[in-house]
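Beneath this line is the structure, given in C-alpha coordinates, with notes to follow.
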Amino acid sequence: MNALTIITLLLFVCFVAISIVKFGLLPSWSAYGLKWAQSHPIPNLNIWSAINIIVALLLIPPMIERGIDNPWQFLGFFAPLYLIVVGLTPNFDKVDGKWTKEGLVHTFGAFGCAIMSTLWMAYEWWVILITAGVMLLLALTTNSLRESIVFWAEMALFPAAYAVLLLF
(Lines give C-alpha, C1' and ligand atoms only; values in the text may rest on other atoms or scores of the structure.)
Protein backbone atom coordinates (compact mmCIF):
# COMPACT_ATOMS: atom_id res chain seq x y z
CA MET A 1 0.00 0.00 0.00
CA ASN A 2 2.97 2.32 0.50
CA ALA A 3 3.70 2.23 -3.24
CA LEU A 4 0.12 3.26 -4.01
CA THR A 5 0.34 6.06 -1.46
CA ILE A 6 3.63 7.29 -2.90
CA ILE A 7 2.23 7.27 -6.44
CA THR A 8 -0.73 9.40 -5.37
CA LEU A 9 1.56 11.69 -3.39
CA LEU A 10 3.80 12.30 -6.40
CA LEU A 11 0.80 12.84 -8.69
CA PHE A 12 -0.83 15.26 -6.27
CA VAL A 13 2.32 17.24 -5.39
CA CYS A 14 3.36 17.56 -9.03
CA PHE A 15 -0.11 18.72 -10.05
CA VAL A 16 -0.31 21.25 -7.20
CA ALA A 17 3.13 22.59 -8.18
CA ILE A 18 2.17 22.82 -11.86
CA SER A 19 -1.09 24.55 -10.92
CA ILE A 20 0.67 27.14 -8.75
CA VAL A 21 3.31 27.83 -11.40
CA LYS A 22 0.66 28.12 -14.12
CA PHE A 23 -1.98 30.15 -12.24
CA GLY A 24 -0.25 31.55 -9.14
CA LEU A 25 -1.62 31.18 -5.63
CA LEU A 26 -5.42 31.14 -5.64
CA PRO A 27 -7.92 31.42 -2.76
CA SER A 28 -8.60 27.67 -2.58
CA TRP A 29 -7.61 24.37 -4.16
CA SER A 30 -11.03 24.27 -5.86
CA ALA A 31 -10.34 27.58 -7.61
CA TYR A 32 -7.74 25.76 -9.68
CA GLY A 33 -10.52 23.59 -11.13
CA LEU A 34 -12.09 26.66 -12.70
CA LYS A 35 -8.72 27.85 -14.04
CA TRP A 36 -7.90 24.46 -15.58
CA ALA A 37 -11.31 24.31 -17.23
CA GLN A 38 -10.80 27.77 -18.73
CA SER A 39 -7.22 27.21 -19.91
CA HIS A 40 -7.71 23.66 -21.22
CA PRO A 41 -11.32 23.31 -22.35
CA ILE A 42 -11.75 19.63 -23.08
CA PRO A 43 -15.35 18.48 -23.68
CA ASN A 44 -16.69 16.59 -20.67
CA LEU A 45 -13.32 16.60 -18.91
CA ASN A 46 -11.65 18.87 -16.41
CA ILE A 47 -8.00 17.98 -15.83
CA TRP A 48 -8.21 19.18 -12.21
CA SER A 49 -11.25 16.96 -11.62
CA ALA A 50 -9.56 13.94 -13.17
CA ILE A 51 -6.47 14.32 -10.97
CA ASN A 52 -8.54 14.72 -7.79
CA ILE A 53 -10.70 11.71 -8.62
CA ILE A 54 -7.71 9.50 -9.48
CA VAL A 55 -5.90 10.52 -6.29
CA ALA A 56 -9.02 9.91 -4.19
CA LEU A 57 -9.74 6.50 -5.72
CA LEU A 58 -6.15 5.37 -5.23
CA LEU A 59 -6.14 6.58 -1.61
CA ILE A 60 -9.15 4.53 -0.53
CA PRO A 61 -7.32 1.19 -0.10
CA PRO A 62 -4.35 2.57 1.89
CA MET A 63 -6.60 4.70 4.10
CA ILE A 64 -8.89 1.78 4.90
CA GLU A 65 -5.93 -0.54 5.53
CA ARG A 66 -4.24 2.05 7.77
CA GLY A 67 -7.41 2.19 9.86
CA ILE A 68 -7.43 -1.50 10.84
CA ASP A 69 -8.07 -1.83 14.59
CA ASN A 70 -9.27 1.76 14.66
CA PRO A 71 -12.93 2.66 15.27
CA TRP A 72 -12.53 5.43 12.66
CA GLN A 73 -11.49 3.04 9.89
CA PHE A 74 -14.66 3.68 7.85
CA LEU A 75 -13.57 7.32 7.46
CA GLY A 76 -10.75 6.02 5.25
CA PHE A 77 -13.46 5.38 2.71
CA PHE A 78 -15.55 8.49 3.26
CA ALA A 79 -12.75 11.11 3.21
CA PRO A 80 -11.67 10.17 -0.35
CA LEU A 81 -15.31 9.73 -1.35
CA TYR A 82 -15.99 13.36 -0.50
CA LEU A 83 -12.87 14.37 -2.49
CA ILE A 84 -14.44 12.54 -5.44
CA VAL A 85 -17.61 14.63 -4.94
CA VAL A 86 -15.41 17.75 -5.05
CA GLY A 87 -13.77 16.53 -8.25
CA LEU A 88 -17.13 15.80 -9.87
CA THR A 89 -18.38 19.35 -9.19
CA PRO A 90 -15.65 21.68 -10.46
CA ASN A 91 -18.03 24.47 -11.55
CA PHE A 92 -18.81 25.65 -8.05
CA ASP A 93 -18.84 29.39 -8.74
CA LYS A 94 -21.84 31.44 -7.68
CA VAL A 95 -24.15 32.79 -10.39
CA ASP A 96 -25.47 36.30 -9.76
CA GLY A 97 -24.24 36.03 -6.17
CA LYS A 98 -26.29 32.87 -5.51
CA TRP A 99 -25.09 29.34 -4.98
CA THR A 100 -25.83 26.90 -7.77
CA LYS A 101 -26.79 23.29 -7.01
CA GLU A 102 -23.34 22.21 -8.15
CA GLY A 103 -21.78 24.83 -5.90
CA LEU A 104 -23.70 23.57 -2.89
CA VAL A 105 -22.73 19.95 -3.59
CA HIS A 106 -19.11 21.01 -4.13
CA THR A 107 -19.00 22.95 -0.86
CA PHE A 108 -20.65 20.07 1.02
CA GLY A 109 -18.07 17.69 -0.48
CA ALA A 110 -15.17 19.95 0.45
CA PHE A 111 -16.33 20.32 4.05
CA GLY A 112 -17.08 16.59 4.24
CA CYS A 113 -13.61 15.72 2.98
CA ALA A 114 -11.95 18.08 5.47
CA ILE A 115 -14.00 16.84 8.42
CA MET A 116 -13.71 13.14 7.57
CA SER A 117 -9.97 13.29 6.94
CA THR A 118 -9.40 15.27 10.15
CA LEU A 119 -11.40 12.73 12.15
CA TRP A 120 -9.56 9.88 10.40
CA MET A 121 -6.29 11.39 11.67
CA ALA A 122 -7.66 12.05 15.18
CA TYR A 123 -5.22 9.63 16.82
CA GLU A 124 -2.30 11.48 15.24
CA TRP A 125 -3.74 14.98 15.72
CA TRP A 126 -0.29 16.45 16.34
CA VAL A 127 0.67 15.67 12.71
CA ILE A 128 -2.01 18.12 11.58
CA LEU A 129 -0.51 20.77 13.88
CA ILE A 130 2.93 20.25 12.34
CA THR A 131 1.71 20.43 8.74
CA ALA A 132 -0.48 23.43 9.58
CA GLY A 133 2.58 25.15 11.04
CA VAL A 134 4.62 24.42 7.91
CA MET A 135 1.82 25.72 5.65
CA LEU A 136 1.47 28.82 7.84
CA LEU A 137 5.19 29.52 7.37
CA LEU A 138 4.83 29.09 3.61
CA ALA A 139 1.80 31.38 3.57
CA LEU A 140 3.62 34.04 5.59
CA THR A 141 6.76 33.69 3.47
CA THR A 142 4.77 34.19 0.28
CA ASN A 143 2.62 36.98 1.77
CA SER A 144 -0.49 35.05 0.72
CA LEU A 145 -2.17 34.12 3.98
CA ARG A 146 -5.14 36.48 3.60
CA GLU A 147 -5.76 35.83 -0.07
CA SER A 148 -5.23 32.06 0.10
CA ILE A 149 -6.10 31.01 3.65
CA VAL A 150 -8.50 28.28 2.51
CA PHE A 151 -5.87 26.96 0.10
CA TRP A 152 -3.27 26.79 2.87
CA ALA A 153 -5.71 25.09 5.25
CA GLU A 154 -6.51 22.50 2.59
CA MET A 155 -2.84 21.99 1.87
CA ALA A 156 -2.19 21.38 5.59
CA LEU A 157 -4.58 18.40 5.55
CA PHE A 158 -3.15 16.65 2.49
CA PRO A 159 0.44 16.28 3.77
CA ALA A 160 -0.89 15.34 7.22
CA ALA A 161 -2.87 12.47 5.69
CA TYR A 162 0.13 11.35 3.65
CA ALA A 163 2.37 11.52 6.73
CA VAL A 164 -0.07 9.37 8.70
CA LEU A 165 -0.23 6.88 5.82
CA LEU A 166 3.52 6.66 5.26
CA LEU A 167 5.09 7.20 8.66
CA PHE A 168 2.79 5.52 11.18
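Just so it is clear, the model here is predicted, and its values are computed rather than measured.
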>> Show every salt bridge (Lys or Arg N to Asp or Glu O under 4.0 Å) that has at least one partner inside residues 109-124, sequence neighbours left out.
In response: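 Passing the test, one end in residues 109-124: Arg66-Glu124.
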
> Taking the side chain as C-beta and beyond, is there a heavy-atom pair between Pro61 and Leu4 under 4.5 Å?
Replying inline: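 A side-chain contact exists here, since the closest heavy-atom pair is under 4.5 Å.
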
> Side-chain contact, heavy-atom cut-off 4.5 Å: Thr5 with Pro62?
Replying inline: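 In contact.
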
>> I need the minimum non-hydrogen distance between Ser117 and Ala79, along with the two atoms involved.
In response: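 Between these two residues, the closest heavy atoms are N-CB, 3.7 Å.
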
>> Tell me the closest heavy-atom pair linking Glu102 and Pro90, and the distance in Å.
In response: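 Closest approach of Glu102 to Pro90, heavy atoms only: OE2-N, 3.3 Å.
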
> So Tyr82 and Phe78, would you call those rings parallel, tilted or perpendicular, with 30° and 60° as cut-offs?
Replying inline: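 Rings of Tyr82 and Phe78: tilted, 30 to 60°.
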
In Å and rounded to the nearest 0.5 Å, what is the [atom1] to [atom2] distance from [X] to [Y]?
X      : Y      : atom1 : atom2 : value
Asn46  : Asn52  : CG    : CG    : 9.0 Å
Leu138 : Phe151 : CG    : CZ    : 9.5 Å
Leu83  : Trp29  : CG    : CH2   : 9.5 Å
Leu59  : Ile7   : CG    : CD1   : 11.0 Å
Phe12  : Leu58  : CZ    : CG    : 13.5 Å
Ser49  : Asn44  : OG    : CG    : 11.5 Å

Distance-only, no hydrogens or angles: does the [X] side chain make a donor-acceptor pair with backbone N or O of [Y] under 3.5 Å?
X      : Y      : answer
His106 : Phe92  : no
Ser144 : Glu147 : no
Thr131 : Ile128 : yes

>> Just to verify, what does Ser19 make a side chain to side chain donor-acceptor pair (under 3.5 Å) with, not counting sequence neighbours?
In response: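 For Ser19, the residues satisfying side chain to side chain donor-acceptor pair (under 3.5 Å) (neighbours in sequence not counted) are Trp36.
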
> Between Leu26 and Lys35, is a side-chain contact (heavy atoms from CB on, under 4.5 Å) present by the stated rule, with each step listed?
Replying inline: CA-CA 10 Å; Leu26 297 178; Lys35 292 291 188 182; 3.6 Å; yes

Cut-off 3.5 Å, no hydrogens considered: what does the side-chain donor-acceptor table look like for residues 159-168, sequence neighbours left out?
from   : atom 1 : to   : atom 2 : distance (Å)
Tyr162 : OH     : Thr8 : O      : 3.4
Tyr162 : OH     : Thr8 : OG1    : 3.0

> With a 6.0 Å cut-off on ring centres, are Phe15 and Tyr32 close enough?
Replying inline: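 They do not qualify: ring centres at least 6.0 Å apart.
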
>> Could you go through Leu157 and Glu154, starting from their C-alpha distance and side-chain angles, then the distance that decides it, and tell me whether this counts as side-chain contact (heavy atoms from CB on, under 4.5 Å)?
In response: CA-CA 5 Å; Leu157 289 177; Glu154 292 168 324; over 6 Å; no

>> Assess, by modelled atom type and distance only, whether the side chains of Asn70 and Trp120 contain a donor and an acceptor separated by less than 3.5 Å.
In response: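 No, no side-chain donor-acceptor pair sits under 3.5 Å.
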
> Is Phe108 atom CZ crowded by more than 12 heavy atoms from other residues, nucleotides or ligands, each under 6.0 Å away?
Replying inline: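 No.
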
